[in-house]
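Worth saying up front: this structure is predicted, and the values here are computed from it rather than measured. Ligands are counted one by one from 1 in listed order, and the atoms in each one are counted from 1 as well.
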Amino acid sequence: MALLKHLLAASLLALTGCGGGSSPAASVPVAAVLPLVDISSVTLSDPGSSLPVNWQHGAFIEIFVRSYQDSDGNGKGDLRGLIQRLDYLQELGVKGIWLMPVSSSSDHDHGYAVTDYRGVESDYGNLADFDELLKQAHARGIGVIVDYVINHSSAQNPLFSNSRDAVGNAYRNWYIWQDPPPSGWSIYGGNPWRATGSGAYFAPFSDQMPDFNLLNSAVVDYHKSNLRFWLNRGVDGFRFDAVGNLVESGPSAWENQPRNYSLMGEMRSLLNGYAQRYMVCEAPTDPAGFAAASACGSAFAFNLQTSLLQAAKGQPSGVLALANYFKTASSNMATMFSNHDLFAGQRLWDQVGGNSAQYKLAAASYLLLPGTPFIYYGEEIGMSGATNISDDGRLRTPMSWTANTSNAGFSGATPYRALSGNVASQNVAAQAADPNSILAFYKAMLKLRNSLPSLAQGSYEQAWASGNLLGYQRLFAKERTLVLINYGDSAVTAAVASLPANAALSNAYPVNASDATADAAGLANITIAAQSLRVFSLR
Ligand code: BGC
């Protein structure tokens, strides 16, 4: 009760700041406001960062907390469980973690229906657990970014309860209402306008996820305060959800509107007020536009996955597309093979039919390129989807820590969701013992990225494709790396040109391979085994 009173008081105070809507707060009777969660204004108070400059060019891992590690025996993953696995992540070599939403949500699964932007999902723990996770991750040189759902909330969020409560409620204009609902709209195959007894609200993702009115400055201010709330705790940045959907201009202009970009630019500026923070946006239909410095500064490279798969399968068109990608794309693109959403594709294992040579080629292809690579949890051990789930849950199975086919080492209890189909063979325990495993390969690639600054943050030079061969150089200060990948099924001797004259090419991968030398014209003949790669360091 005391908490309720406190929150009510906070909400009433906040009303005076609600200036952006068309229903002025001052004209609204106080009694019309239902109890709210904390929406008070938060100002900048940067605890600083212990991460190195450009840390965001190390590899990230995307983690679904509910499926990572259960620490309290209820069959669901939690923050304390993740903390227990930080040593594994450090050893893997990742430099950042993207947590799918950890805020309180009403869906109690994927988390994108947020009920309190400043609270932690009760299944996962509490703010103290979250602070401990940050502390422990930072102690291992790993940054943590969290998913931020700016476009919509849960329909059960107290803000929406107010909005739908009455036309005169001070929060009515925090969401998008029309009465009568307009016609002619169709988004993702459905009508985004959801009828109620008093008008229709706009909710294209689901009737349980109403869109915020981001043209209301009070809503934007609220989101900015939420971001500061997490940044002030030491969070290293955000993955912004669905930024193509932020504002709408009409039934045929509901995506990627100009205000979307400038809004994200404002969020970027907010982060720039803090040390070493990073943000990345999800914008599947305009990755390049949102990666611009005036918008997010970084966005997922949704257009790259097809080329990764084609190249891994030995298709020259894919190899050529890979060679060309970073000739024009921003070096801030966030590369990946797949993620938690089916629209982005099945898990890598399923797409290559368990072919581990192709698997490793796809992985090497994005882990050594410019950008920020995002590994989807379990990808580093070849986890497949669940065999008996057909929706997104198929991709979000409990992490396969052991070969135990009842719980995968994920929980002492029965896991809340079916395990991956290949838990018996593709699990951490089995792979850690095998020097040729997918896990050993990911570790080797990340070791290269972490030990050669040119691979993490260098420029992209002299890229070429020839049939199934790809070659490029990465350059940072005086340090230069040569990467050669042979996607074909027979060994090839490549005549590599455009090297520094008489350069000594010191072997960096695979271990025990020989060094090479360029001639006075900058040419070197290098043999690359079938479906493999070679990496040389030129210092
Ligand atoms: C997320 C989905 C989510 C949707 C709505 C997407 O961008 O990746 O998992 O359901 O946004 O929040």
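- For ligand 1 and D341, the ligand atoms under 4.0 Å from any heavy atom of the residue are 1 (C), 2 (C), 6 (C), 8 (O), 9 (O).
- Taking the six-membered ring for Trp, Y117 and W230 have ring centres at least 6.0 Å apart.
- Those atoms of ligand 1 that come under 4.0 Å of a heavy atom in H152, given as number and element, are 5 (C), 12 (O).
- Ranking the protein heavy atoms by distance from atom 11 (O) of ligand 1 puts D241 OD1, 2.9 Å first.
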Could you go through residues 204-212 and list every donor-acceptor pair under 3.5 Å that involves a side-chain atom there, pairing it with any protein atom two or more places apart or in another chain?
| residue | atom | partner | partner atom | Å |
| --- | --- | --- | --- | --- |
| S206 | OG | Q208 | N | 2.8 |
| D211 | OD1 | N151 | ND2 | 2.9 |
| D211 | OD2 | N151 | ND2 | 3.4 |

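- Here R239 has side-chain heavy atoms under 4.0 Å from ligand 1, and that is the only part of it that gets that close.
- Atoms of ligand 1 lying under 4.0 Å from at least one heavy atom of R396, given by number and element, are 9 (O).
- Cation-pi geometry between R347 and Y359 is not met: the NZ or CZ atom fails to fall both under 6.0 Å from the ring centre and inside 45° of the normal.
- Among all protein heavy atoms, the one lying closest to atom 10 (O) of ligand 1 is H110 CE1, 3.1 Å.
- Here the protein heavy atom with the shortest distance to atom 7 (O) of ligand 1 is E282 OE1, 2.3 Å.
- Nearest approach of S411 to D70, heavy atoms of both residues: OG-OD2, 2.7 Å.
- No donor-acceptor distance shorter than 3.5 angstrom exists from the side chain of S154 to the backbone of V114, with no hydrogens or angles considered.
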Return a table of donor-acceptor pairs under 3.5 angstrom between the side chains of residues 290-304 and protein atoms on other chains or two or more places apart.
| residue | atom | partner | partner atom | Å |
| --- | --- | --- | --- | --- |
| S298 | OG | Y278 | OH | 3.0 |
| S298 | OG | N332 | O | 2.6 |
| N303 | OD1 | Y325 | OH | 3.4 |

